[in-house]
Amino acid sequence: MLDRKKLVSDSETYLKGLARRGDYAAEVAKPLFDIESRWKELKSEVDGLRHRQKQMGPQMGRLAKDGEEFAKLRKEMGEVSGRVKAAEEQIRSLEEQRRDVLLRIPNLPHESVPDGLSEEDNKEVDRWGEPRHPVFKMQAHWELGESLGIIDFESAARMSGSRFAVLKGAGARLERALIQFMLDLHTQEHGYVEVWPPYLVRRHAMEGTGQLPNLEEDAYRTAGDDPYFLIPTAEVPLVNLHREEILDKDQLPIKYVAYTPCFRAEAGSHGKDVRGLMRQHQFSKVELVKIVEPEGSYDELESLRRNAEEVLRRLEIPYRVMLLSAGDMGFSATKTYDLEAWVPAQDRYREISSCSNCGDFQARRAQIRYRQAKGDNRFCHTLNGSGLAVGRTMIGLLENFQQADGSVILPDAIRPYMGGLSKLG
RNA sequence: GGAGAGAUGGCCGAGUUGGUCGAAGGCGCCUGACUCGAAAUCAGGUGUACCGCUUGCGGUACCGGGGGUUCGAAUCCCUCUCUCUCCGCCA
């Protein structure tokens with residue numbers, strides 16, 4: 001959520017910034033200005049009337065209840081009360097409308113973010129490792145996984161439909177090994193606190209991080225009037241850990257890491273990545289979240305990104321770093337780096353991690369503040385990044401380390417987590 | 001699932017015959033006095049959000065959330081959520 005007061009007082013700058021995401025973004029914000037001015041007018045009227053009510057209260061208490069003066073005052077104050085109620089109803093309605101608009105306005109892109117509306121406009125900022133080009137017929141990971149007997153898409157489809165996978169034997173162990181490896185790295189070497197959060201959350205938690213109200217069709221939820229939402233990423237529970245809190249300055253920065261399964265309906269991606277582990281309704285992810293002071297939050301983004309990159313380096317998977325263009329970023333982000341791992345069978349890089357600074361956008365939605373000085377409470381900045389998506393990491397391992405005979409050599413870093421196993425198949 | 005109790009400011013805790021209660025008192029914290037300094041003591045201050053003029057001041061809202069009764073509600077009524085205790089069940 002953007003700062004309503006600034007949005008109104010400096011609307012030109014804000015609308016211009018929003019338009020960098022596409023014309024729609026500025027359009028969404030437009031109704032706000034009229035709502036805000038009507039709201040202010042009513043608000044000051046009601047404040048005045050209530051002031052009068054408050055003044056008269058004690059006086060009426062002192063008067064004789066059967067006196068003439070009391071009857072007169074009661075009549076007058078009854079009228080005031082009626083007007084207050086009517087105006088307050090209008091105020092409530094305006095505030096609801098205002099909130100609806102504000103919740104649907106995306107975050108403002110940071111100045112360092114390149115212009116552009118699509119993937120094509122993203123800028124490569126770094127690259128690591130040598131992409132492996134095949135001297136033999138390279139197999140896609142789903143072929144490898146099935147021939148090695150470690151991934152079973154068919155059984156998964158029979159019980160759950162498309163976009164599910166069953167991991168078996170060394171495959172299941174590898175999933176667990178990768179999670180363990182990532183958690184150990186981030187907790188022991190990067191200073192994150194490990195968290196085991198709920199996988200089901202209430203609507204307001206999803207609104208807090210910006211998944212709702214806009215992306216409702218992509219979220220799974222339970223039945224009933226007061227549904228739970230299945231988290232699409234651990235970012236949701238991790239950021240909401242401090243909702244409605246005023247933190248002490250010396251508590252910051254807060255750094256959390258959590259492994260969770262993630263659930264996504266993948267509405268609107270029909271036909272994309274229909275095979276393999278690339279795009280699943282349920283997948284594992286180790287997520288990094290930081291809650292920090294506004295000063296230096298972009299430096300924190302750089303280090304967060306490095307923390308995620310380190311996983312790929314240890315696993316010896318070639319990758320590149322993309323700085324996303326304004327129009328390609330997610331709803332809540334001011335600036336996003338995608339890490340893209342090399343996928344030999346597709347002969348291209350594919351997203352394996354997305355690291356964003358959300359500025360105070362989520363903090364304002366979730367009411368996460370910190371005490372800067374006495375009487376000066378400010379919203380924190382929140383950051384998040386995958387460290388990493390486990391399924392996609394498995395793709396990276398299987399495909400990049402496959403051998404001509406269909407076996408897969410495991411990189412050194414993961415072997416201790418596989419009980420010393422050095423090779424699949 | 002059944003029965004009961006509760007939810008007040010950073011914390012503890014008053015307030016429930018409706019009126020001067022944003023709310024006693026204590027603790028914590030900040031400032032000043034005393035002191036060489038500290039402790040103790042004394043005095044003052046100490047929530048969040050919004051509106052208006054604006055170095056400061058004035059106003060409004062908020063006593064778990066929402067709704068209602070009333071000229072007026074922390075105080076009465078309804079409802080929801082959460083917490084605790086006991087019983088049952090379950091992992």
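Please read these numbers as outputs of a predicted model, since none were measured by experiment. Throughout, protein chains are lettered first and strands after them, A, B, ... in sequence-line order, and every chain is numbered starting at 1.
- Electrostatic pairing of A:Lys72 and A:Glu76 does not count as a salt bridge here, judged by no charged N lying under 4.0 Å from a carboxylate O.
- Using a cut-off of 4.0 Å between Lys/Arg side-chain N and Asp/Glu carboxylate O, A:Lys30 and A:Glu27 are scored as salt-bridged.
- In A:Glu89, the CD atom is not crowded: 12 or fewer heavy atoms of neighbouring residues, nucleotides or ligands sit closer than 6.0 Å.
- For the OP1/OP2 pair of B:G47 and a distance below 4.0 Å, the side-chain nitrogens and oxygens of A:Arg369 include no atom meeting the criterion.
- Atom pair A:Leu42:CG and B:C50:C1' shows a separation of 14 Å (rounding to whole Å applied).
- Counting to the nearest Å, the P atom of B:C51 and the CD atom of A:Glu88 are 16 Å from each other.
- Following rounding to the nearest Å, A:Arg98 (CZ) and B:C51 (P) show an atom-to-atom distance of 8 Å.
- B:U48 sits 33 Å from B:G37 when the P atoms are compared, rounded to a whole Å.
- Separation of the P atoms belonging to B:U20 and B:U79 is 28 Å when rounded to the nearest angstrom.
- One P atom belongs to B:C77, the other to B:U69, and the distance between them is 15 Å to the nearest Å.
- A:Glu207 pairs with exactly one of A:Arg364, A:Arg243, A:Arg99, A:Arg104 by the salt bridge (charged side-chain N to carboxylate O under 4.0 Å, His left out) rule, that one being A:Arg99.
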Problem - Residue pair A:Ser303, A:Lys290: steps toward the side chain to side chain donor-acceptor pair (under 3.5 Å) verdict - result: CA-CA 11 Å; A:Ser303 76; A:Lys290 288 192 197 178; 2.6 Å; yes
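- Of the charged side-chain nitrogens involved, at least one lies within less than 4.0 Å of a carboxylate oxygen, so that A:Arg83 and A:Glu45 count as a salt-bridged pair.
- Taking atom CD of A:Glu69 as the reference point, atom C1' of B:C71 lies 14 Å away to the nearest angstrom.
- Remark: of the listed residues A:Met60, A:Gln59, A:Lys75, A:Met60 is the sole one forming a side chain to side chain contact (heavy atoms under 4.5 Å, CB included) with A:Phe70.
- The phosphate of B:C50 has OP1 or OP2 within less than 4.0 Å of a side-chain N or O from A:Lys5.
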Each nucleotide N or O in nucleotides 65-67 of chain B that has a protein N or O under 3.5 Å away: list the pair and distance.
none

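- The same atom, P, is picked in B:G64 and in B:A24; the two are 16 Å apart, to the nearest Å.
- Distance from the side chain of A:Ser44 is smallest for B:C51 among the nucleotides B:C51, B:C71, B:A49.
- Consecutive Watson-Crick or G-U pairing (both distances under 3.5 Å) extending over three or more pairs maps onto RNA chain B as B:1-7 with B:81-87, B:10-12 with B:25-27, B:28-33 with B:41-46, B:47-53 with B:56-62, B:64-68 with B:76-80.
- Here A:Tyr199 and A:Phe263 keep their ring centres 6.0 angstrom or further from each other.
- Within 6.0 Å of atom CD in A:Glu41, 12 or fewer heavy atoms from other residues, nucleotides or ligands are found, so the atom counts as exposed in its surroundings.
- Separating the CG atom of A:Leu247 from the P atom of B:U48 is a distance of 14 Å, rounded to the nearest angstrom.
- The CG atom of A:Leu94 sits 17 Å away from the P atom of B:C50 (whole-angstrom rounding).
- In this entry the distance linking CD of A:Gln367 with P of B:C62 reads 18 Å, nearest Å.
- Both A:Gly61 and A:Gln53 lie near RNA chain B, and the one whose nearest nucleotide falls closer to the 5' end is A:Gly61.
- Using C1' as the reference atom, B:G25 and B:A61 are 26 Å apart when rounded to the nearest Å.
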Each nucleotide N or O in nucleotides 57-60 of chain B that has a protein N or O under 3.5 Å away: list the pair and distance.
from: B:G59; atom 1: O3'; to: A:His51; atom 2: ND1; distance (Å): 2.9
from: B:G59; atom 1: N2; to: A:Asp47; atom 2: OD2; distance (Å): 3.4
from: B:U60; atom 1: OP1; to: A:His51; atom 2: ND1; distance (Å): 2.7
from: B:U60; atom 1: O2'; to: A:Asp47; atom 2: OD1; distance (Å): 3.0

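- Taking atom C1' on both nucleotides, B:U35 is separated from B:U41 by 12 Å, rounded to a whole Å.
- The residues A:Asp47 and A:Arg50 are annotated as not salt-bridged, no charged nitrogen and carboxylate oxygen being separated by less than 4.0 angstrom.
- In this structure, CD1 of A:Ile246 is placed 17 Å from P of B:U46, rounded to the nearest angstrom.
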Handout entry: Full working for side chain to side chain contact (heavy atoms under 4.5 Å, CB included) between A:Leu200 and A:Leu230
Key = CA-CA 5 Å; A:Leu200 298 174; A:Leu230 280 71; 3.6 Å; yes
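- Residue A:Lys40 has no polar side-chain atom (N or O) positioned under 4.0 Å from OP1 or OP2 of B:C50.
- A:Tyr417 has its side chain within reach of A:Asp184: a pair of non-hydrogen atoms, C-beta onward, lies under 4.5 Å apart.
- For the C1' atoms, the distance linking B:G22 with B:C34 amounts to 34 Å, nearest Å.
- Nucleotides B:C62 and B:U75 place their P atoms 11 Å apart, quoted to the nearest Å.
- The pair A:Arg314-A:Glu189 meets the salt-bridge criterion, with a side-chain N (NZ, NE, NH1 or NH2) lying under 4.0 Å from an Asp/Glu carboxylate O.
- If you check every strand for non-hydrogen atoms under 4.0 Å, A:Gly57 touches a base.
- Listed nucleotides B:G72, B:C71, B:C50 differ in distance to A:Lys85; the shortest reach to its side chain belongs to B:G72.
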